[in-house]
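Working notes, structure below.
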Amino acid sequence: MEWQVIESRAKWCLVTKVKRGEFYSFDDEILQSLREEAKNLDEFDRSDWIESTNLCEVEDAWHLIRNGLQSPNLFSTADWMKEIAARLQDIPNSPTLLSEYTDAVTYALGIERQLPKEKLDSNFDIYRSSEESFTSLEAAWMRAHPDASEPHPVFGLSLREMENDIPNLRELTTIEAFINLVNTGRYPTPELMLSLAKSFQLYFEADGKLSLEEVFFGKPKQRSGNYAQQSLNENRYLLFHDCVNRELGENSIFNAFTSVQELAEKFLQSHATDEDFDGENIIDLDTFLRGYRRWKQRRSGLTDN
């Protein structure tokens, strides 16, 4: 489905090739355009715009999900992690892309927006703005990691970029990245903490229509079960992908293997589990490689370094 440029609050909002079920994606050019418009507003209008988009972000996400325009794990995606990282660089001038996209597509499709259910105020500081919350979170992280934005002398990426790079050769999801950081005694980045917080908020906003499984990992796949049931294969393919990059990459120092097939054969012998055996035979090599290729295709955003 092709869309032309749609006029929005920020003059334009580019929406192309909308595929039902996967709508939202990060676009730095659009975010920069929104920021420029925000800076041209007077202080009151700018603050009101920024605050309203941030406060309504979860409601906007639920609106898209409810209408089949976005997967339910939006706040756990690499695209949203990139957006929140960019927004944290200029908090006072950054509306949410999600709200602008939602307004544009809602208008284009003629979708009626449902008013959110009225909620009772809980005993937290309701007078604290999202800008104050984001600023405090960012300041706390920077005090703990003053050099986190400096590029690594070997890898090139900063500590912050490496921690936020989901999926990568260590973790496939924001939950796994969070657990790994906590278990190794490190503070999760503001982006990771906001990802978890927004996912929980979405779960409550959906009022029982979304499960925690869905908001963190997406809808369970038929015949594959939930993410926990899939995790054995997910992590085995992740480990093998790491081996492929290390053993067969351009900078390999081992040169012990000449092909992916040869490496897979050795890998299966070294990393087999009880479930990999059918009688006395280890899992079929061709079956494993077909599964790996399908897995890699699904994980198109996986970092290869």
Side-chain angles (χ1 to χ4, degrees), residues 1-41 45-116 130-131 134 164 166 174 191 194-195 197-203 205-206 209-210 214-216 218-219 300-301:
M1 185 185 298
E2 298 286 339
W3 292 94
Q4 302 300 317
V5 174
I6 299 173
E7 199 71 19
S8 75
R9 185 197 297 271
K11 296 185 176 65
W12 58 276
C13 187
L14 185 62
V15 183
T16 57
K17 297 181 180 178
V18 176
K19 182 176 70 173
R20 290 191 71 84
E22 294 299 333
F23 164 70
Y24 163 82
S25 62
F26 173 67
D27 189 310
D28 188 62
E29 185 178 355
I30 294 179
L31 181 60
Q32 294 300 330
S33 176
L34 292 169
R35 280 179 175 161
E36 289 305 311
E37 182 164 335
K39 292 175 183 177
N40 290 328
L41 299 174
D45 287 340
R46 179 176 66 250
S47 178
D48 181 63
W49 180 23
I50 304 304
E51 185 69 10
S52 64
T53 61
N54 277 281
L55 288 176
C56 294
E57 189 171 29
V58 173
E59 294 174 10
D60 290 329
W62 176 225
H63 174 67
L64 293 178
I65 295 163
R66 186 171 53 235
N67 286 283
L69 294 168
Q70 176 60 44
S71 60
N73 62 326
L74 186 154
F75 293 119
S76 295
T77 62
D79 273 307
W80 191 81
M81 288 283 289
K82 291 175 185 175
E83 180 188 334
I84 194 63
R87 275 161 44 195
L88 287 172
Q89 294 173 13
D90 189 1
I91 297 169
N93 296 305
S94 296
T96 73
L97 283 178
L98 183 58
S99 294
E100 295 302 315
Y101 280 137
T102 303
D103 286 346
V105 170
T106 296
Y107 175 79
L109 297 180
I111 301 173
E112 183 178 354
R113 296 201 63 154
Q114 297 180 15
L115 293 176
S130 60
E131 180 179 335
F134 287 5
N164 289 336
I166 308 295
T174 55
E191 292 87 339
L194 284 167
S195 170
K198 292 280 186 177
S199 296
F200 277 115
Q201 284 179 271
L202 177 59
Y203 168 73
E205 180 69 30
K209 296 181 178 64
L210 290 177
E214 290 173 306
V215 300
F216 285 116
K219 291 186 177 295
S300 56

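Computed over heavy atoms, backbone and side chain alike; hydrogens, waters and symmetry mates excluded. It should be emphasised that the depicted structure is a prediction, and the values quoted were computed from it without experimental measurement.
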N40 side chain vs E36 backbone, donor-acceptor pair below 3.5 Å: yes
Side-chain donor-acceptor contact under 3.5 Å, E57 with S99: no
Between N73 and S71: side-chain donor-acceptor atoms closer than 3.5 Å: yes
L98 to T102 - nearest heavy-atom pair and separation: O-OG1, 2.6 Å
Atom of W62, atom of A206 and distance for their closest heavy-atom approach: CE2-CA, 3.8 Å
Flag if over 12 foreign heavy atoms under 6.0 Å of OH, Y203: no
Nearest atoms (heavy-atom pairs only) where S94 meets R35: OG-NE, 2.8 Å
Check: S195 main-chain N/O paired with S199 side-chain donor or acceptor under 3.5 Å: yes
Whether E51 side chain and S130 backbone form a donor-acceptor pair below 3.5 Å: yes
Atom pair CZ (R46) and CD (E37), whose distance is rounded to the nearest 0.5 Å: 12.5 Å
Separation between CG of L88 and CD of E83, rounded to the nearest 0.5 Å: 10.0 Å
Non-hydrogen atoms of T96 and T53 that approach each other most closely: N-OG1, 3.3 Å
Between CD on residue E131 and CG on residue L55, distance to nearest 0.5 Å: 11.5 Å
Interatomic distance, K82 atom NZ to N164 atom CG [nearest 0.5 angstrom]: 11.5 Å
Minimum heavy-atom distance Y101-S25, with the two atoms named: CE1-O, 3.3 Å
E100 vs I30, side-chain contact (heavy atoms from CB on, under 4.5 Å): CA-CA, chis, key distance, verdict: CA-CA 10 Å; E100 295 302 315; I30 294 179; over 6 Å; no
Euclidean distance, Q89 CD relative to L31 CG, rounded to 0.5 Å: 9.0 Å
Greater than 12 external heavy atoms within 6.0 Å of K198's NZ: yes
Pairing of D60 and R113 as salt bridge, 4.0 angstrom limit: yes
Shortest non-hydrogen contact between I50 and N93, atoms and distance: CD1-C, 3.7 Å
Non-neighbouring partners of N54 that pass side chain to side chain donor-acceptor pair (under 3.5 Å), sequence neighbours left out: R87
Note, F75 side chain near I84 side chain (heavy atom, < 4.5 Å): no
Greater than 12 external heavy atoms within 6.0 Å of F26's CZ: yes
Test item: I111 and L69 side chains (from C-beta on) under 4.5 Å apart, heavy atoms: yes
